[in-house]
Amino acid sequence: MKEYIARFGHGSAKLARQAQSKEKTLAKMERGGLTEKVVRDRVLVFRFTDVGKLPPPVLQFVEVKFGYTPDNLIYKSLDFGVDLDSRIALVGPNGAGKSTLLKLMTGDLAPLDGMVRRHNHLRIAQYHQHLADKLDLDMPALAYMMKEYPGTEEEKMRAAVGRFGLSGKAQVMPMRNLSDGQRSRVIFAWLAYRQPQLLLLDEPTNHLDIETIDSLAEALNEWDGGLVLVSHDFRLINQVAQEIWVCENQAVTRWEGDIMDFKAHLKSKAGLSD
Ligand SMILES: Nc1ncnc2c1ncn2[C@@H]1O[C@H](COP(=O)(O)OP(=O)(O)OP(=O)(O)O)[C@@H](O)[C@H]1O
């Protein structure tokens, strides 16, 4: 019954009604001592802090040329702008250069030619899975955050980590005892604490379950900053992206349609029908 409520409680109207009715029955059973109290999943507290606006363009690519070696170009000449209203999903074949584009945006990579202009006050934060590999697993999440952001009151930090669904207990045990999904949340908490205005997410859903992904989508939709997302998760893209950009053939082009059209296009290109 608990599983049913968790699965369908936020789904279609009919399923949600059925789940709500089961929830009431379950509550009665709990009150009567017939079953253990449900431990609520706290993923729905995922939340980023609003950041306010900077005048556009906050990030501008001007005739950007890039290759890891000059004889093997990944991008020939990129011209585009990203601002704090942008909600972009980068898609394209493996190895086309999506992660590379994010690194050009952050300044981790520099163009061979052309320029990337960033607004002086722009705070960018990037999520990628390798950040989890850098966590000190002997440390608890709370201690780690206190070390990363010294001078913060412990209560404030507990709340900041809690906003990403890590309970009090999970905050104080060594991170090696956390699941991959919980460690991803520590990373999200760490990124959010920097209060970025532009969030670059590179495959953020790899270790997240569907409910957490939906919660992330909800948090992103409620947040007022700019977003560039690299993901193979069409469900997340569909929920948060307003523009689809395709990285392919040494260029980035805007897809005129939504992500479902793009999915259909990929299928027909691969010779598959719906
Ligand atoms: N540090 C590096 N040095 C040299 N070549 C690299 C480096 N990082 C990536 N590449 C190459 O650059 C190309 C683009 O890589 P990138 O990771 O940006 O692609 P991607 O579109 O993000 O791929 P995927 O969807 O597989 O993650 C690939 O051919 C990759 O092998």
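Ligands are counted one by one from 1 in listed order, and the atoms in each one are counted from 1 as well. Worth knowing before you read on, the calculation uses all heavy atoms, side chains too, and leaves out hydrogens, waters and symmetry mates.
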Result of checking V64, D79, I88, L101 against V252 for side-chain contact (heavy atoms from CB on, under 4.5 Å): L101
Within 6.0 angstrom of E243 CD, more than 12 heavy atoms from elsewhere: yes
Ion pair check, K98 and D202, cut-off under 4.0 Å: no
Residues E248, K269: salt bridge by 4.0 Å N-O rule: yes
Contact residues of ligand 1 (heavy atom under 4.0 Å), by chain and number: Y68, I74, P93, N94, G95, A96, G97, K98, S99, T100, H232
Pairwise side-chain contact, M175 with V186, heavy-atom cut-off 4.5 Å (strictly under): yes
Distance flag, aromatic centroids of F66 and Y75, threshold under 6.0 Å: no
